[in-house]
Amino acid sequence: MSFPLLTATVVLPAIGAVATAAMPAARREAAKWLALLFSLGTLALAAAVLINFQPGGDRYQLTESHAWIPAFGVRYELGVDGIGVAMIALTAVIVPFLIGAGWNDADPKEGETPADRRWRPTQGFFALILMVQAMVMMSFAATDIFLFYIFFEAMLIPMYFLIGGFGDRAGEHGEERQATQRTYAAVKFLLYNLAGGLVMLAAVVGLYAATAGQLEGGGTFSLQAITEARATGELTFAQNTERLLFLGFFLAFAIKAPLWPLHTWLPNAMGESTAPVAVLITAVVDKVGTFAMLRFCLGLFPEASVWATPVVLALALVSIIYGALLALGQRDMKRLIAYASISHFGFIVLGIFAMTGQGQSGATLYMVNHGIATAALMLVAGFLISRRGSRLIADYGGVQKTAPILAGTFLVGGLATLSMPGTGPFVSEFLVLVGTYSRYPVAGIIACAGIVLAALYVLILYQRTMTGPTRPELERLPDLRPRELAVVGPLIALVLFLGVFPGPLTDIVDPAVEHTLSDVGVEDPAPEVEARP
């Protein structure tokens, strides 16, 4: 295509962020509609990317390549494979719903002074969401490693302000949480991810140095150029060099993912954020980490990826079980969902490093389906918390009698989270487990414990909040309003659609997975067939 479609999907939300931030302070409602309009425009562009992508065509499509910093081999290079298309579509779908869900989250609160409002403008909240979307889109499209790194790190800044400046004020028993808790969560998020980013920067520089001495044109950051040179034998890495570079990249991605034991920032960040920002973290931003494991760790360092597989699988299994157990013991509704996400990310990493087609296809589908299902569950939980003013599970009970639609959507979101058959996450989890079992049977069996624990923490959460006698404070609890239903309804429908008809998504993803396995140099294990007498 002559039209730079991928650039447009990045530039449009960035323009929307600037335009929204520039709106006068008195025109809050207009700023909200403007942000929503730009997010819908980005969704239309993402749909165009999906339509123009040919699953059976070249590996990277809709490519763009322009000189940027020629002296250092840095180019403005974009391109998407099937995995990148799926992640761009997920981001574009989720953001309009987050804007709708957070419609009133940044409005002036009772008791706020004009000075407070200068630091928490409504326009700033929506502008920051759009800016994060633009940076995430670039991360999914960039095929120049240095370009990817810049936006991988830059997205931390708007996320820091969304967590610390526009955090959730609901506490326990209707009491307001202190700003210091939100600030702590934002700083912890920033420090963890910056630390990983600094290690990755050293690895990026090391990668450039390793290519500079071997490639005829000098050092490069081009993913395509490096993978092609490695395939032809023009570029080789010493074993220790490749493993050190892999570790530098993997550490940054494992923090972003997040993978145990680098996960501790996530419960704080999600717990102290508003529900839309919590969804933005776990459904969109964190997916950059697992996506990058597929694109960069396996694509650039195949030998080191195989070498690290046993340890990574062990970490993934710990994440699955540990996250589920901690979710089971949570008193705070949002932290429960956060720990459940850690468990789910363990499944995604397990599927990636199982090194099978089913495992990696399942991991990619899991990224998409987890994003949609978690968005539905967290947003409904956010609507519930905003009514009661408390995040404690013990402060609820009997909600289904006073707000049956809210309770029903909460149940469907919860069933999707535990991977109930008929929902999108079930297909993903099934593929991950089958793909893992075919190469690593013991790991596949251990991971099944996460399914049982997920059923426990989701159903116990529903039982304690939605069933039983109605608490006196909840007798007049309003049901979902039309705006809230318009936000959650399509997400629920999408979860169910992908649960019964995942074919269109797998058709896009499978060819990219085959290319990834080819890069690593592994094949799916042959099925064992017992000979009959």
remark   = Smallest heavy-atom separation, Ser319 atom then Leu259 atom, equals OG-CD1, 3.4 Å
ask   = Once you round to the nearest 0.5 Å, how far does CE of Met367 lie from CE of Met87?
value = 5.0 Å
message = Around atom OH of Tyr192, are there more than 12 heavy atoms from other residues, nucleotides or ligands closer than 6.0 Å?
response = yes
query = At their closest point, which heavy atom of Phe140 faces which heavy atom of Ile88, and how far apart are they?
reply = CB-CG1, 3.8 Å
task = Could you check if a side-chain atom of Leu98 sits within less than 4.5 angstrom of a side-chain atom of Phe126, using non-hydrogen atoms only?
result = no
key: side chain to side chain contact (heavy atoms under 4.5 Å, CB included) assessment of Val277 paired with Met159   = CA-CA 8 Å; Val277 175; Met159 285 306 311; 4.1 Å; yes
ask   = What do the steps show when you test Ile385 against Lys334 for side chain to side chain contact (heavy atoms under 4.5 Å, CB included), and what is the final call?
value = CA-CA 9 Å; Ile385 291 169; Lys334 292 170 72 175; 3.6 Å; yes
request  = Verify whether the ring centers belonging to Phe296 and Phe148 lie closer than 6.0 Å.
outcome  = yes
inquiry  = So for atom CZ, which belongs to Phe430, do other residues, nucleotides or ligands contribute more than 12 heavy atoms lying within a distance under 6.0 Å?
reply    = no
Heavy-atom side-chain contact between Tyr462 and Leu415 under 4.5 Å = no
request  = Find the distance between CG (Leu379) and OG1 (Thr409) and round it off to the nearest 0.5 Å.
outcome  = 10.0 Å
query = Any side-chain heavy atom of Leu50 sitting closer than 4.5 Å to one from Val85?
reply = yes
task = Enter the distance from Leu461:CG to Thr417:OG1 here, rounded to the nearest 0.5 Å.
result = 9.5 Å
message = Apply side-chain hydrogen bond (donor to acceptor under 3.5 Å, both in side chains) to residues Thr374 and Thr282 and explain how you reach the verdict.
response = CA-CA 8 Å; Thr374 299; Thr282 191; 5.5 Å; no
task = For Asn268 and Ala185, indicate whether the former's side chain and the latter's backbone hold a donor-acceptor pair under 3.5 Å.
result = no
remark   = d(Met333 CE, Asp395 CG) to nearest 0.5 Å is 9.0 Å
query = Would a distance-only check, ignoring hydrogens and angles, find a side-chain to backbone donor-acceptor pair under 3.5 Å from Ser361 to Gln358?
reply = no
query = Is the side chain of Ser273 donor-acceptor paired with the backbone N or O of Ala269 at a distance under 3.5 Å, no angle test?
reply = yes
key: side chain to side chain contact (heavy atoms under 4.5 Å, CB included) between Trp265 and Ile281, worked out   = CA-CA 11 Å; Trp265 63 268; Ile281 294 170; 3.9 Å; yes
Check: Leu392 main-chain N/O paired with Asp332 side-chain donor or acceptor under 3.5 Å = no
inquiry  = For Arg59, is there an ion pair with Asp519 - N to carboxylate O distance below 4.0 angstrom?
reply    = yes
message = Does the Lys NZ or Arg CZ of Lys256 fall within the cation-pi geometry relative to Phe152 - under 6.0 Å from the ring centre and within 45° of the axis?
response = yes
ask   = Can you say whether the rings of His344 and Tyr366 are parallel (under 30°), tilted (30 to 60°) or perpendicular (over 60°)?
value = tilted
query = Do Met355 and Leu298 come within less than 4.5 Å of each other through their side chains, counting heavy atoms only?
reply = yes
ask   = So, the side chain of Thr516 versus the backbone of Ala512: is there a donor-acceptor pair under 3.5 Å, distance only?
value = yes
request  = Mark yes when over 12 heavy atoms from residues, nucleotides or ligands other than Arg464 sit less than 6.0 Å from its CZ; otherwise mark no.
outcome  = no
ask   = Just checking, is any N or O donor in the side chain of Ser438 or Thr356 under 3.5 Å from an acceptor N or O on the other one?
value = no
request  = Please tell me if the side chains of Leu456 and Leu453 come closer than 4.5 Å, counting only heavy atoms from C-beta onward.
outcome  = yes
inquiry  = Looking only at the side chains, is there a donor atom on one of Glu64 and Thr7 sitting less than 3.5 Å from an acceptor on the other?
reply    = yes
ask   = Does any N or O in the side chain of Asp58 come within less than 3.5 Å of the main-chain N or O of Tyr60, such that one atom is a donor and the other an acceptor?
value = no
ask   = Does the side chain of Phe410 come within less than 4.5 Å of Gln400's, by heavy atoms?
value = no
task = Could you tell me whether a side-chain N or O of Glu475 sits under 3.5 Å from a main-chain N or O of Thr470, the two making a donor and an acceptor?
result = no
query = Rounded to the nearest 0.5 Å, what separation is found between the CH2 atom of Trp260 and the CG atom of Leu326?
reply = 11.5 Å
query = Where the side chain of Arg471 meets the backbone of Ala394, is there a donor-acceptor pair that is under 3.5 Å apart?
reply = yes
ask   = Between Thr423 and Val495, is there a donor-acceptor pair closer than 3.5 Å when you use the side chain of the first and the backbone of the second?
value = no
message = Quick check: do Val412 and Met420 have side-chain heavy atoms less than 4.5 Å from each other?
response = no
inquiry  = Any side-chain to backbone donor/acceptor pair from Thr436 onto Leu433? Under 3.5 Å, distance only.
reply    = no
remark   = Here the pair of heavy atoms bringing Ser343 nearest to Ile320 is OG-O, 2.8 Å
inquiry  = For a 4.5 angstrom cut-off between non-hydrogen side-chain atoms, does Ile321 reach Leu325?
reply    = yes
task = Please lay out, stage by stage, how Val368 and Ile372 fare under the test side chain to side chain contact (heavy atoms under 4.5 Å, CB included).
result = CA-CA 7 Å; Val368 174; Ile372 298 169; 4.1 Å; yes
ask   = How many angstroms lie between atom CE of Met466 and atom CG of Leu406, to the nearest 0.5 angstrom?
value = 5.5 Å
query = Ion pair present between Glu484 and Arg387, side-chain N to carboxylate O less than 4.0 angstrom?
reply = yes
key: Shortest non-hydrogen contact from Pro502 toward Val427   = CG-CG1, 4.0 Å
request  = Take Tyr457 and Gln330, measure what side-chain hydrogen bond (donor to acceptor under 3.5 Å, both in side chains) needs, and give me the verdict at the end.
outcome  = CA-CA 9 Å; Tyr457 62 69; Gln330 288 303 304; over 6 Å; no
remark   = Between Gly414 and Val458, the two heavy atoms sitting closest are O-CG1, 3.3 Å
request  = Step through it carefully: locate the ring centre of Phe345, locate the ring centre of His370, and say whether they are under 6.0 Å apart.
outcome  = yes
task = Could you pull out the closest heavy-atom pair between Cys297 and Ser305, with the gap in Å?
result = O-OG, 3.0 Å
